[in-house]
Amino acid sequence: MTVRRKVAVLISGRGSNMQALVRACARPDYPAKIVLVLSNRADAAGLDFAREAGIATEVISHKDFPDRASFDAAMDAEIHRHGAGLVCLAGFMRLLDTVIIEAWRDRMINIHPSLLPSFRGLDTHERALEAGVKLAGCSVHFVRPDVDTGPIIAQAAVPVLPGDTPDSLAARILEQEHLIYPMALRLLAEGRVRVEGGRAVVDAPTATVSLRNPDLP
Ligand code: GRF
């Protein structure tokens, strides 16, 4: 029987990466189960999808807290209340404080729409086009106090095509995000990722980390 690690997914908007994780979790052999989708915005579109999928949802608005530490503490309590042992940030648009990041060290991961360490932060697609890179992509990484700096678990690259706009490039990359995020969570949930010397070492045959993701139809 597959042992399923309990996961909380934090979103702020559309939630398409969360949806990719939910679809992966529907597979009988997938080693994780989403026990909570938590948003800092009540109007996050992804919440409806999660509710319809029968997943517990919570909204904790950062606006209801005087500072980041108390907002983080409320989220941390909610994540624990649902029994999650892993956290996936999926388009969660609030910076987290060091306290919660260290509390979840090597158990909290994020997806970022660039080939890290290039283009940390916002507006990655605009900046990639401006820089004239010929490959762009996405990365799943452990979360560290410095934004978008943690050990990289998985990446996918796509070509930058003539005539690309930030939107067309974003769409091409998003398809890959939906492949590598479920793959990275699988590796983490199966205990096949460890951090050594600040780098993530992935214990997986090459085929497992190819873009042919067995967790998606
Ligand atoms: C994705 O591009 C993700 O890489 C970034 O924010 C976006 C969220 O999209 N962190 P979605 O909410 O998962 O659709």
Side-chain angles (χ1 to χ4, degrees), residues 7-26 32 34 36-53 55 57-62 75 86-96 100-101 104 108-129 133 135-160 164-186 188 200 211 213 215-216:
V7 178
V9 184
L10 273 51
I11 65 170
S12 295
R14 176 179 60 181
S16 71
N17 278 288
M18 175 270 293
Q19 294 181 29
L21 296 175
V22 169
R23 285 195 296 273
C25 288
I34 297 172
L36 171 66
V37 172
L38 177 56
S39 172
N40 64 310
R41 298 182 56 123
D43 61 355
L47 287 171
D48 289 336
F49 175 91
R51 284 187 199 111
E52 277 161 28
I55 298 168
T57 60
E58 297 290 344
V59 176
I60 299 182
S61 172
H62 53 280
M75 285 197 305
L86 296 173
V87 177
C88 290
L89 307 185
F92 183 69
M93 299 305 287
R94 302 299 301 174
L95 291 178
L96 296 171
I100 187 168
I101 290 175
W104 287 93
M108 180 187 277
I109 61 178
N110 179 46
I111 182 136
H112 181 74
S114 80
L115 290 173
L116 292 172
S118 294
F119 308 118
R120 295 166 51 197
L122 298 174
D123 302 323
T124 54
H125 310 303
E126 284 86 341
R127 286 155 58 214
L129 290 175
V133 295
L135 286 173
C138 48
S139 310
V140 179
H141 62 94
F142 286 111
V143 176
R144 292 291 185 264
D146 279 341
V147 178
D148 303 327
T149 59
I152 295 163
I153 301 168
Q155 289 185 306
V158 302
V160 177
D164 257 339
T165 62
D167 284 349
S168 65
L169 183 57
R172 194 174 309 119
I173 291 172
L174 193 65
E175 281 179 26
Q176 299 302 318
E177 296 185 31
H178 297 164
L179 297 177
I180 67 167
Y181 212 179
M183 180 187 74
L185 177 60
R186 170 186 277 281
L188 182 64
L211 292 180
N213 185 343
D215 294 318
L216 292 173

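In each ligand, atom 1 is the first atom listed, and ligand 1 is the first ligand listed.
- At least one heavy atom of G15 sits less than 4.0 Å from an atom of ligand 1.
- In this structure, D43 pairs ionically with R41, as a charged nitrogen and a carboxylate oxygen lie closer than 4.0 Å.
- Looking at Q176, R14, H125, E177 and measuring to atom 14 (O) of ligand 1, the nearest heavy atom belongs to R14.
- Within the 4.0 Å heavy-atom cutoff, I111 counts among the residues contacting ligand 1.
- Donor-acceptor pairing under 3.5 Å is lacking for the side chains of T124 and H112.
- A heavy-atom distance below 4.5 Å is found between the side chains of L174 and S16.
- For D164 and R172, the salt-bridge test passes: some basic side-chain N is under 4.0 Å from an acidic carboxylate O.
- Counting only heavy atoms of the protein, atom 11 (P) of ligand 1 lies nearest to S16 N, 3.4 Å.
- Side chains of H141 and I109 form no contact here, defined as non-hydrogen atoms less than 4.5 Å apart.
- Below 4.0 Å from some heavy atom of G91 lie the following atoms of ligand 1, by number and element: 6 (O), 8 (C), 10 (N).
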